[in-house]
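It should be emphasised that the depicted structure is a prediction, and the values quoted were computed from it without experimental measurement. In the text below, chain A, chain B and the rest are named by the order of the sequence lines, each starting its count at 1.
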2 protein chains.
Amino acid sequence: MSPYVETFVMHVGEMGSRWGLNRTLGQMCGLLYVSQQPLNADEIADALSISRSNVSMGLKELKAWRLVRPATVAGDRREYWTTPKDVWELFQVLTEERHRREVQPTLTMLRETLMIEPITPDDRYAQERLREMHELIELMTNWMDEIQNLPPRTLVRLLKLGRRIQNLLDKRRKSRNSNQSTDL
Amino acid sequence: MSPYVETFVMHVGEMGSRWGLNRTLGQMCGLLYVSQQPLNADEIADALSISRSNVSMGLKELKAWRLVRPATVAGDRREYWTTPKDVWELFQVLTEERHRREVQPTLTMLRETLMIEPITPDDRYAQERLREMHELIELMTNWMDEIQNLPPRTLVRLLKLGRRIQNLLDKRRKSRNSNQSTDL
DNA sequence: TCTAATTTTCAACAATTCTTGAAATTACTG
DNA sequence: CAGTAATTTCAAGAATTGTTGAAAATTAGA
């Protein structure tokens with residue numbers, strides 16, 4: 001690894017644990033992301049100075065994360081690997097997977113718990129807190145589902161708009177109030 | 001803890017590690033969130049069956065996360081604790097803190113690395129990947145900064161709009177193209 | 001079908017992270 | 001300004017998580 005690449009790979013390694021992966025997974029991802037050519041398991045092990053079996057396990061996990069994909073190199077029997085190279089795609093995959101692991105289970109738990117009838121006043125208070133949390137998560141989840149499928153160009157427009165979104169929403173509300181021809 | 005509360009607290013404990021906290025921190029947060037009254041350290045230790053010193057360490061970390069705040073109970077010398085009870089506020093704090101821990105360091109590293117002149121073709125390719133990643137993160141960061149300060153009601157409107165945001169953006173672009181009176 | 005290259009599995013070991021009780025510190029109260 | 005209540009610190013041990021080499025399984029080609 002060149003020093004240039006190494007700086008980056010070591011950093012994503014350090015961050016890996018904060019992103020729900022771990023150090024090795026982060027390093028592997030980072031390395032594959034900045035490598036022009038797909039790499040095979042031995043090359044990864046070599047570049048990161050980790051064991052071949054660690055790479056095998058790491059690839060297995062990264063497959064589950066949909067962060068790596070196989071690539072074939074002509075005339076070579078070994079499997080080669082790479083990540084999506086489009087940051088938007090990478091970001092989308094990461095967001096979806098994190099949502100699946102970090103949010104979905106909680107949503108399920110909240111739905112189930114909210115079915116139970118609270119008895120004591122304390123439980124009724126707790127239920128109210130759960131209800132509000134459920135509402136927020138459901139709102140965000142639905143929004144993400146809808147947003148994910150928009151073309152990146154639309155998302156960039158939204159991002160660049162920033163807080164000016166408020167003007168747009170205000171304007172929309174005004175026109176919907178004064179006029180029946182809505183786009184809803 | 002009542003079984004009702006316990007279900008919830010144990011769940012957020014399990015999820016804690018996926019949210020950048022850990023099991024105990026998650027449990028403490030969950031417990032305080034659904035408790036009508038603030039709790040003191042002994043009550044927390046008791047409810048979660050963990051040691052008093054563990055609670056002390058946990059509170060220290062949760063303070064750093066801005067997820068707990070002190071509350072005074074009249075006629076009691078001990079410190080009492082609670083979380084913000086508004087899910088929107090809770091969500092905002094969690095998002096800000098996670099951003100600070102999970103994204104800011106990477107942004108700094110990318111900025112620094114992008115200052116270095118790549119020599120080899122491989123390094124130039126790597127730099128291009130870093131540049132794209134930097135652009136995306138910066139865009140998202142700026143957006144979040146702007147969005148965070150909007151009133152929750154505006155955010156709810158945006159969330160409920162979902163993918164229909166595209167219509168709105170299209171309409172805006174059209175009017176800006178055909179007409180100089182923009183709100184930009 | 002057999003062989004050799006490659007990948008995966010797994011149980012033992014290593015490293016990291018979490019938890020604890022005891023001691024130290026701080027903050028009240030008489 | 002003691003004396004006690006409450007909190008924090010810290011080093012040792014417990015639990016969890018990550019890493020490895022050896023062996024098993026798989027695969028491709030002869």
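- For C:dT9, one of the phosphate oxygens OP1 or OP2 lies less than 4.0 angstrom from a side-chain nitrogen or oxygen of A:Lys60.
- Geometrically, B:Arg101 engages B:Trp65 in a cation-pi contact defined by less than 6.0 Å to the ring centre and at most 45° from the axis.
- Atom CD1 of A:Ile50 and atom C1' of C:dA14 are 15 Å apart (whole Å).
- Rounded to a whole Å, the CD atom of B:Glu61 is 17 Å from the C1' atom of D:dT7.
- Considering only side-chain atoms of A:Arg78, the nucleotide from C:dT7, D:dT7, D:dT19 that sits closest is C:dT7.
- No N or O donor and acceptor, one from the side chain of A:Thr24 and one from the base of D:dG18, sit under 3.5 Å apart.
- Of the candidates C:dT20, C:dT8, D:dT7, the closest approach to any side-chain atom of A:Ser56 belongs to C:dT8.
- In this structure, A:Arg172 and B:Leu168 approach most closely via the heavy-atom pair CD-CD1, 3.4 Å.
- Contacts of B:Leu59 with the nucleic acid, taken as non-hydrogen atoms under 4.0 Å apart, are absent.
- In this structure, B:Asn54 atom CG and D:dA6 atom P are separated by 20 Å, rounded to whole Å.
- Geometrically, B:Arg78 does not engage B:Tyr80 in a cation-pi contact defined by less than 6.0 Å to the ring centre and at most 45° from the axis.
- When the P atom of D:dT7 is taken as reference, atom CG of B:Asn40 falls 7 Å away, rounded to whole Å.
- Between B:Lys63 and D:dT8, a side-chain N or O to OP1/OP2 separation shorter than 4.0 Å is present.
- Counting non-hydrogen atoms under 4.0 angstrom, B:Asn22 reaches the backbone sugars and phosphates but no base.
- Checking D:dT19, D:dT7, C:dT19 against every side-chain atom of B:Met57, the shortest atom distance belongs to C:dT19.
- Separating the CG atom of B:Leu48 from the P atom of C:dT20 is a distance of 11 Å, rounded to the nearest angstrom.
- Counting only N and O atoms by type, the side chains of A:Asn22 and A:Ser17 include no donor and acceptor under 3.5 Å apart.
- Here C:dT8 presents its P atom at 11 Å from CD1 of A:Ile44, a figure rounded to the nearest Å.
- Atom CG in B:Asp76 sits about 10 Å away from atom P in C:dT29, given to the nearest Å.
- If you take CZ of A:Arg23 and C1' of D:dT16, they are 16 Å apart, rounded to a whole angstrom.
- Counting atom types as modelled, A:Arg77 pairs a side-chain N or O with a base atom of D:dT27 as donor and acceptor under 3.5 Å.
- Nearest to the side-chain atoms of B:Ser53 among the listed nucleotides C:dG21, D:dT19, D:dA22 stands C:dG21.
- For the residue pair B:Tyr33 and B:Lys85, the shortest heavy atom distance occurs at O-NZ, 3.0 Å.
- Residue B:Arg52 places none of its side-chain N or O atoms closer than 4.0 Å to OP1 or OP2 of C:dG21.
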